[in-house]
Amino acid sequence: LLNANTRNMSLKFHFSILLFAFSTIIKAQSWYPLSHTIPISEYVGLQFKLEASVKTIVEDESASSRIWLRIDNKNGRYGFLENMWDKPIRNPNWSTYSIEGTINENAITISFGCISQYSGTFFYDDFKLSVKNSKGDWVAIYKADFESGFSDWNYGTSPNSGMEASSFFTTSIDDTKSPKYKHCLK
C-alpha cells in the first residue's frame, strides 16, 4: 500500500508528465514553417535579398506571419539567420517584405520561407531571392509565384526537418488574388 505522501508524489509526478506533454503539443501547434532550400556556394560574397508578398488576417493579437531566411555553412552552423521575430506581420492588406544580407565564404545552402503563428489566415506570394551582381544589379536566382503549386517546398525549416503537414495548420493554393498573380499560398 502507498502512504499518503507517496501517493501525492506519484500524482504530482504524473500530473507533471501530462502538463509537459500538453505544453509540448500546444507549442508544436503554435507556429508552422514552410521552406525552400537551394545551393548557394556559387554566390559567396554577394549581397542577397529575399522578397515576398504577405497578407495576414489575425484572429487575435498573438497571431502573425513572417518570412525567414537562413544560410547554412559547411561546418553545420548558421552563417545568417533572420526570422522577423521582432517584426511580426499582422497587415490585412498585401505588402512586400524583405530580408537582406551577404552570403559568407562558408555558405553551402540557403533556406527561406514563411512562418504562420497562432490563429489566423495567412497568405504568401511572389517569393523572390536575388543577388547583387558585379554591376550592382539585382538578379533573381529563385522565384515562387505558386501558380503551379508548391511541390518544391518543404514542411519545416529544411528538406530534412522531419516535419510533415500539420492537422493544426492547413496549407493550400488559394485563388485569392495577390497583387501580381491569380493564386497564392494560404
Least distance between heavy atoms, [X] atom then [Y] atom:
{"X": "Pro88", "Y": "Asp86", "answer": "CD-C, 3.5 Å"}
{"X": "Ser111", "Y": "Thr37", "answer": "OG-OG1, 2.7 Å"}
{"X": "Lys49", "Y": "Ser98", "answer": "CG-CB, 4.4 Å"}
{"X": "Trp94", "Y": "Lys55", "answer": "NE1-CD, 3.6 Å"}
{"X": "Tyr118", "Y": "Ala63", "answer": "CB-CA, 3.8 Å"}
{"X": "Ile67", "Y": "Ile89", "answer": "N-CD1, 4.4 Å"}

4.5 Å side-chain heavy-atom contact, [X] and [Y]:
{"X": "Trp68", "Y": "Ser35", "answer": "yes"}
{"X": "Phe127", "Y": "Ser53", "answer": "no"}
{"X": "Phe48", "Y": "Leu69", "answer": "yes"}
{"X": "Arg90", "Y": "Glu61", "answer": "yes"}

When rounded to the nearest 0.5 angstrom, what distance separates [atom1] in [X] from [atom2] in [Y]?
{"X": "Ser116", "Y": "Phe122", "atom1": "OG", "atom2": "CZ", "result": "5.0 Å"}
{"X": "Ser130", "Y": "Glu100", "atom1": "OG", "atom2": "CD", "result": "9.5 Å"}
{"X": "Ile57", "Y": "Thr121", "atom1": "CD1", "atom2": "OG1", "result": "5.5 Å"}
{"X": "Ile110", "Y": "Ser41", "atom1": "CD1", "atom2": "OG", "result": "11.5 Å"}

Donor-acceptor list for residues 101-109 side chains, cut-off 3.5 Å, not counting sequence neighbours:
from: Asn104; atom 1: ND2; to: Asn73; atom 2: OD1; distance (Å): 2.8
from: Thr109; atom 1: OG1; to: Asp72; atom 2: OD2; distance (Å): 3.4

#### Entry: ring-ring contact (aromatic ring centres under 6.0 Å, His included) partners for Tyr142, two or more places apart
His36, Phe112
### Message
The criterion is ring-ring contact (aromatic ring centres under 6.0 Å, His included); which residues satisfy it with Tyr97, sequence neighbours excluded?
### Response
none
### Query
By salt bridge (charged side-chain N to carboxylate O under 4.0 Å, His left out), which residues pair with Glu51, not counting sequence neighbours?
Lys128
### Task
Return the set of residues passing side chain to side chain donor-acceptor pair (under 3.5 Å) with Asp60 (not counting sequence neighbours), or none when no residue passes.
Ser62
### Task
Identify, with sequence neighbours excluded, every residue that meets side chain to side chain donor-acceptor pair (under 3.5 Å) alongside Asn83.
none
### Task
Each residue besides Val58 in its hydrophobic cluster should be listed here, by chain and number; the cluster joins Ile, Leu, Val, Met, Phe, Trp and Tyr at side-chain heavy-atom distances under 4.5 Å.
none
### Query
Cluster partners of Leu81, using ILVMFWY side-chain heavy atoms under 4.5 angstrom, listed by chain and number?
Tyr78
### Task
Under the side chain to side chain contact (heavy atoms under 4.5 Å, CB included) rule, what do Leu50 and Leu129 come out as? Steps first, then yes or no, please.
CA-CA 4 Å; Leu50 174 69; Leu129 179 63; 4.3 Å; yes
### Task
Any chance you could lay out the side chain to side chain contact (heavy atoms under 4.5 Å, CB included) test for Val54 and Asp125, step after step, and finish with the verdict?
CA-CA 7 Å; Val54 182; Asp125 206 0; over 6 Å; no
Below 3.5 Å, can you tabulate the donor-acceptor pairs from side chains in residues 132-140 to any protein atom, sequence neighbours excluded?
from: Asn133; atom 1: OD1; to: Lys135; atom 2: N; distance (Å): 2.9
from: Asn133; atom 1: OD1; to: Gly136; atom 2: N; distance (Å): 3.1
from: Asn133; atom 1: OD1; to: Asp137; atom 2: N; distance (Å): 2.9

### Query
Counting N and O atoms only, with roles assigned by atom type, does the side chain of Arg66 sit under 3.5 Å from a partner on the main chain of Ile115, one being a donor and the other an acceptor?
no
